[in-house]
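Have a look at this one before I ask anything.
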Amino acid sequence: MRLIVGNWKMNLNPGEASLLVKRLEDKIKPDPKTEIVICPPFIDLYPIAKDLDRGKLKLGSQNIHYLDEGPFTGEISPAMLKGLADYAIIGHSERRAMGEDDKLIAKKMAAAIRNDITPVLCVGETLAERQHGLAKKVIVDQLTADLTQLTATDVAKIVVAYEPVWSINHGDGNIVHAKPEDITFAYTTIRTLLEELYGEEGVSGLRLLYGGSADPGHCRAYLEMPYVDGLLVGGASLNYEDFAKIVKVAQGLK
Ligand code: PEP
């Protein structure tokens, strides 16, 4: 099933979030072939969940803790998200940049699976790594390390988002769109590695997303590429018209 995930990042208070959801629900039509997931900040999840039309939208979190409970001030565990969030973004480059390493990400992946939350694992190289010819190594190293606690059956349930850090919109007006060959290269790397590590079973249900400055003007080209099962959308997911347009393009594909 095609998957479009909106990452709202650190934006919108509960009132603003509920309004955005209402507007999205008015614009989006349910489609059994396309799953639409929004990932608001934690504080917005509960108010949104109360009135959500789950036939149209599902909820995800932007992060989780790796344990189910305990003395961890300010953290939210996957167990606390049960019934609220079906998905969790894990290993986003903005969190890796704040110090999250692959060891921690591996524990979070296991925590998500343990709590029946589908992890959306983000991998991708920085501009400097790309310029030094390290893109493949970074993707392979991140994936290998991040999945160490999972079995082939677990891996079959995950979503992997290839998000080259250089193409993510950091709000500085410098937007770089990845070329199809960049994405094909990354996807081939990801699929080949997962097949090597986890066999046929590991890749049997695997969904691969692309993320990086996806917008209504560029989404079709990405979505039509072989092996692209959907998109992880940042900035454009905060604009209900843009996000609804992306959803419509996805729903219109064969
Ligand atoms: C992201 O941060 O996951 C992302 C894809 O952001 P944007 O679409 O704004 O580049």
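Both counts, for ligands and for their atoms, begin at 1 and track the order of listing.
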Exercise for review: Flag the pair E195 and R191 as a salt bridge only when some basic side-chain nitrogen lies within less than 4.0 angstrom of an acidic carboxylate oxygen.
Suggested key: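 R191 and E195: not salt-bridged.
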**Study point:** Which segment of N7 sits under 4.0 Å of ligand 1 when only heavy atoms are counted
**Key:**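 N7 to ligand 1: side-chain contact only, backbone stays beyond 4.0 Å.
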Exercise for review: Indicate, with yes or no, if the rings of Y210 and Y222 have centres closer together than 6.0 Å.
Suggested key: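 For Y210 and Y222, the ring centres are under 6.0 Å apart.
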Practice item. Tell me which one of S213, C39, G235 gets a heavy atom nearest to atom 9 (O) of ligand 1. Key: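 Heavy atom nearest to atom 9 (O) of ligand 1 belongs to G235.
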Practice item. Of all the heavy-atom pairs spanning G60 and P40, show the shortest one and how long it is. Key: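 Smallest interatomic distance, heavy atoms only, reads O-CD, 3.5 Å.
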Practice item. Could you find the nearest protein heavy atom to atom 2 (O) of ligand 1 and give me its residue, atom name and distance? Key: K9 NZ, 2.6 Å
Review point. What residue and atom, counting heavy atoms only, is the protein's closest point to atom 5 (C) of ligand 1, and at what distance?
Key: E163 OE2, 3.0 Å
**Study point:** Salt bridge present between R207 and E35 (N-O < 4.0 angstrom)
**Key:**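 Yes, charged N to carboxylate O under 4.0 Å.
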Check your understanding: Okay, side chain of H132, backbone of A128: is any donor-acceptor separation there less than 3.5 Å?
Key ->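 Answer holds: yes.
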Exercise for review: Salt-bridge test for D31 and R2: reply yes if a basic N is under 4.0 Å from a carboxylate O, no otherwise.
Suggested key: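 No salt bridge links D31 with R2.
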Check your understanding: Taking both backbone and side-chain atoms of I168, is any N or O found less than 3.5 Å from an N or O belonging to ligand 1?
Key ->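 No, I168 has no N/O under 3.5 Å of an N/O on ligand 1.
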Revision key, fill the gap. min-distance protein heavy atom vs atom 1 (C) of ligand 1 -> H92 NE2, 3.2 Å
Practice item. Return the residue, atom name and 0.1 Å-rounded distance of the protein heavy atom closest to atom 8 (O) of ligand 1. Key: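 Of every protein heavy atom, G234 N, 2.8 Å lies nearest to atom 8 (O) of ligand 1.
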